[in-house]
Amino acid sequence: MRCSIKYNWPLLVLNSQSMSVLGSVVHWFRLDLRVHDNLALRNAINEAENRKNFLRPIYIIEPDILKQIRGNRLRFLIQSLHDLDANLRKLNTRLYIVRGKTSECLPELLKKWNVKYLTLQVDIDPFYIKQDEVIENFCDKNDIFVVKRVQHTVYNPQTVLKKNNGNVPLTYQKFLSLVNDIQVKECIEIKKEISEDCKSSDFNSKSYDVPSLTEIELDESSDFKYPGGESEGLKRLLTYMAKKQWVCSFEKPNTSPNSIEPSTTVLSPYISHGCLSARLFYHKLKQVESEMRHSEPPVSLLGQLMWREFYYTAGTGTENFDRMVGNSLCTQIPWGNNKDHLKAWSEGKTGYPFVDAIMRQLTQEGWIHHLARHMVACFLTRGDLWVSWEEGAKVFEDLLLDYDWSLNAGNWMWLSASAFFYKYFRVYSPVAFGKKTDKDGLYIKKYVPELKKFPSEYIYEPWKAPQSVQRAAGCIIGENYPKRIVDHDKVHKENMKKMSEAYKINKEKKALKRPRSD
DNA sequence: GGACCGGTTGTCAGA
DNA sequence: CTCTGACAACCGGTC
């Protein structure tokens with residue numbers, strides 16, 4: 001179990017000055033790329049100042065990550081690191097970028113720097129859990145005190161699970177009832193400049209600088225829609241919180257998935273990277289809501305934040321949460337394995353313009369509206385292509401700026417009707433759904449420019465356009481834009497039957513597992 | 001055990 | 001333009 005450890009050593013234990021000068025305190029940044037509301041960072045600063053130790057806030061860039069994540073997310077990360085460095089410098093410290101494999105270079109540095117105290121944020125992604133175990137073992141053996149803080153969510157998922165007798169709350173309402181009476185603590189502030197004594201001799205070394213975008217072969221010149229960083233995140237938060245009427249009347253299902261400019265806040269990339277504290281968002285929302293009548297969860301803005309908490313709780317309390325097999329929450333469904341369909345979907349070449357527009361916006365900008373995610377996730381899985389939600393989740397992991405381990409797996413299970421949501425007969429139509437908020441298909445015309453000149457009448461179903469219309473629009477279906485890869489009307493009904501079968505088997509299995517009461 | 005309720009966000013036809 | 005029911009009938013939580 002990962003919980004924060006309280007630090008109680010009396011300060012008098014270490015009183016030799018020569019000893020304390022040699023020691024270092026490290027705060028290890030991962031998914032908490034901010035100075036505000038960062039308790040682990042403040043713990044590190046206090047410890048360094050009290051003991052006159054060197055303070056080294058670090059971030060580790062793994063060589064693999066440059067290959068693993070695509071341009072948009074990598075760019076967001078690098079921008080966030082630049083901003084973090086700048087914000088740390090305002091406090092008279094800096095960010096030390098370390099390059100290498102964490103399991104190798106971190107123990108080496110902890111020794112080299114004579115680190116006595118390491119602080120970090122608890123993260124629940126199995127990747128981090130595994131990595132942390134290695135590092136914590138090393139620290140244990142080398143008398144390095146480790147302080148871990150839960151600060152990526154408003155509530156501590158472990159606390160919520162405990163309140164539910166160790167069980168994962170399976171409905172949103174149940175989750176809300178569990179957190180209803182939990183008091184949310186105020187945010188942490190770090191304002192005071194850090195003492196000169198905490199600067200090590202290598203403070204000005206360029207070798208620890210944040211790499212430039214050009215250095216890692218990313219375009220620096222373009223104007224980016226969602227620049228990374230704490231400063232951007234805070235600015236965005238304050239801009240939206242100032243629109244009090246908008247905040248209080250927000251209802252998610254009434255926002256548009258296909259407006260040209262986002263109809264929601266796009267705070268998610270900042271929260272997922274920890275550029276913005278979820279708790280700060282919570283308190284700001286509470287403050288605005290206290291002033292007037294407002295919408296309520298699940299549809300309100302606060303409700304959106306609670307969805308994140310809901311999935312974090314489920315992800316924390318479930319083995320193999322990001323997989324179907326071995327995942328107790330997930331209905332076992334015999335998904336197919338059509339690689340061509342998966343490829344067409346991920347590249348925005350399904351022949352369904354609305355689906356393709358969404359996938360292309362995702363590739364280009366790294367963000368799509370939540371309901372747009374519904375559309376394409378349903379289409380890939382239970383709606384049309386019958387491809388496993390795990391495949392879709394991998395593509396989202398690659399492309400989304402706001403990629404988050406527990407939210408990604410949780411939402412994919414929701415949309416594929418594998419967990420949390422079960423009304424599999426509610427299928428999104430790739431033709432009808434987008435029309436509700438964008439009758440003329442302006443969104444499609446922006447992201448699928450081949451179809452720019454198509455008349456609105458055919459923009460959602462270009463295969464229906466007569467040859468003469470296709471020629472006039474300069475786009476022949478099957479040549480300049482793909483023919484649709486499946487017939488939605490036909491295939492979604494077949495898939496519903498398959499879902500029904502899978503549910504039936506699932507039910508029988510569950511009945512077998514249930515202990516008999518005689 | 002069983003009945004009932006409610007679930008952020010479906011679609012289509014018809015009133 | 002908004003509302004309704006049919007479609008076919010899911011699940012978890014509660015009493």
Side-chain angles (χ1 to χ4, degrees), chain A residues 163-165 167-178 180 249-259 263-264 294-311 313-314 317-318 328-333 352 354-355 358 368-379 381-384 407 410-439 460-461 488-511 513-518:
Chain A
K163 279 194 85 174
N164 201 32
N165 305 317
N167 299 318
V168 170
L170 294 174
T171 66
Y172 183 76
Q173 297 304 332
K174 180 73 189 171
F175 170 82
L176 283 187
S177 75
L178 291 168
N180 192 36
S249 56
F250 185 93
E251 290 187 352
K252 186 62 162 278
N254 294 337
T255 57
S256 163
N258 47 8
S259 51
S263 60
T264 51
H294 55 84
S295 51
E296 295 283 350
V299 296
S300 65
L301 264 184
L302 189 64
Q304 306 314 299
L305 186 57
M306 291 301 110
W307 278 106
R308 178 172 184 271
E309 302 288 319
F310 170 71
Y311 286 126
T313 308
T318 310
S328 59
L329 297 186
C330 186
T331 306
Q332 306 296 301
I333 295 167
Y352 281 96
F354 187 43
V355 172
I358 294 167
I368 50 177
H369 186 275
H370 186 66
L371 291 178
R373 301 180 197 201
H374 277 216
M375 177 69 247
V376 295
C378 180
F379 188 87
T381 57
R382 67 186 166 88
D384 295 78
L407 273 70
N411 276 310
W412 271 98
M413 280 190 272
W414 181 293
L415 261 305
S416 59
S418 301
F420 310 117
F421 171 85
Y422 307 95
K423 290 184 275 196
Y424 57 77
F425 36 86
R426 288 193 179 174
V427 176
Y428 291 87
S429 158
V431 172
F433 187 63
K435 282 186 186 170
K436 286 195 284 191
T437 42
D438 180 22
K439 194 166 62 66
Y460 283 89
E461 305 169 274
H488 173 76
D489 291 334
K490 215 178 100 199
V491 88
H492 93 272
K493 284 190 178 137
E494 293 167 9
N495 289 348
M496 255 155 67
K497 287 206 183 79
K498 290 189 211 164
M499 286 300 287
S500 165
E501 273 303 304
Y503 270 47
K504 220 163 88 188
I505 293 167
N506 192 59
K507 217 171 170 177
E508 283 161 12
K509 272 192 195 156
K510 268 192 185 169
K513 269 188 202 160
R514 208 173 296 138
R516 286 185 29 206
S517 54
D518 46 37

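Nothing here was measured: the structure is a model prediction, and the numbers come from that model. Lettering follows sequence order; numbering is per chain, from 1.
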request  = Look at the side-chain N and O atoms of A:Q173 and state whether any lies under 4.0 Å from the OP1 or OP2 oxygen of B:dT8.
outcome  =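 Yes, within the criterion.
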Give me the distances for all protein-to-nucleotides 11-15 of chain B N/O pairs that come in under 3.5 Å?
unit_1, atom_1, unit_2, atom_2, d
B:dT11, OP1, A:S429, N, 2.7
B:dT11, OP2, A:K436, NZ, 3.4

For residues 299-306 of chain A, run the donor-acceptor check on the side chains, cut-off 3.5 Å, and write out each pair with its distance to 0.1 Å, sequence neighbours left out.
unit_1, atom_1, unit_2, atom_2, d
A:S300, OG, A:G303, N, 3.0
A:Q304, OE1, A:K252, NZ, 2.9
A:Q304, NE2, A:P298, O, 3.0
A:Q304, NE2, A:V299, O, 3.3
A:Q304, NE2, A:S300, O, 3.0

message = Any base atoms under 4.0 Å from A:F421, or only sugar-phosphate, or nothing? Heavy atoms, all strands.
response =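 A:F421: no heavy atom of the nucleic acid under 4.0 Å.
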inquiry  = Heavy atoms only, 4.0 Å cut-off, all strands: where does A:Q304 land among base, sugar-phosphate and nothing?
reply    =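 Here A:Q304 touches the bases of the nucleic acid.
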Could you check how far [atom1] of [X] sits from [atom2] of [N], rounded to whole Å?
| X | N | atom1 | atom2 | value |
| --- | --- | --- | --- | --- |
| A:K435 | B:dG10 | NZ | P | 18 Å |
| A:N258 | B:dT9 | CG | C1' | 13 Å |
| A:L176 | B:dG7 | CG | P | 11 Å |
| A:N254 | B:dT9 | CG | P | 12 Å |
| A:R426 | B:dG7 | CZ | P | 11 Å |
| A:L415 | B:dT9 | CG | C1' | 10 Å |

task = Tell me whether the centres of the aromatic rings in A:F379 and A:Y428 are closer together than 6.0 Å.
result =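 Distance test on ring centres: not under 6.0 Å, no.
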ask   = With a 6.0 Å cut-off on ring centres, are A:Y460 and A:Y352 close enough?
value =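 Not close enough - the centres of the two rings lie 6.0 Å or further apart.
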[atom1] atom, [N] versus [M]: distance in rounded Å?
| N | M | atom1 | answer |
| --- | --- | --- | --- |
| C:dC7 | B:dA3 | P | 23 Å |
| C:dA8 | B:dG2 | P | 27 Å |
| B:dT9 | C:dC1 | P | 23 Å |
| C:dT4 | B:dG6 | P | 16 Å |
| B:dG1 | C:dA9 | P | 24 Å |

Decide yes or no for [X] and [Y]: does some side-chain heavy atom of the first lie under 4.5 Å from some side-chain heavy atom of the second?
| X | Y | value |
| --- | --- | --- |
| A:Y311 | A:N411 | yes |
| A:S263 | A:H369 | yes |
| A:L170 | A:V168 | yes |
| A:F420 | A:L329 | yes |

ask   = Quick one: salt bridge (charged side-chain N to carboxylate O under 4.0 Å, His left out) partners of A:R308, sequence neighbours excluded?
value =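 Applying salt bridge (charged side-chain N to carboxylate O under 4.0 Å, His left out) to A:R308 gives none.
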A:K163: partners by salt bridge (charged side-chain N to carboxylate O under 4.0 Å, His left out), with sequence neighbours left out =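 Partners of A:K163 by the salt bridge (charged side-chain N to carboxylate O under 4.0 Å, His left out) criterion, ordered by chain and then number, come out as A:D181.
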ask   = Salt bridge between A:K504 and A:E501, side-chain N to carboxylate O under 4.0 Å?
value =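 Result for this pair is yes, salt bridge flagged.
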inquiry  = I'd like to know if the side chain of A:R373 reaches the main chain of A:I368, judged simply by a donor and an acceptor atom lying under 3.5 Å from each other, with no hydrogens or angles considered.
reply    =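 Yes; judged by distance alone, with no hydrogens or angles, the pair exists.
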ask   = Relative to each other, are the rings of A:Y172 and A:W307 parallel, tilted or perpendicular (30° and 60° limits)?
value =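 If you compare the ring of A:Y172 with that of A:W307, the planes turn out parallel.
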key: Secondary structure string for DNA chain B (Watson-Crick or G-U under 3.5 angstrom, | for other-strand pairs)   = .||||||..||||||
ask   = Can you give one letter per nucleotide of nucleotides 8-15 of chain C, going 5' to 3': B for a protein heavy atom under 4.0 Å from the base, S for sugar-phosphate only, - for none?
value = --BSSSS-
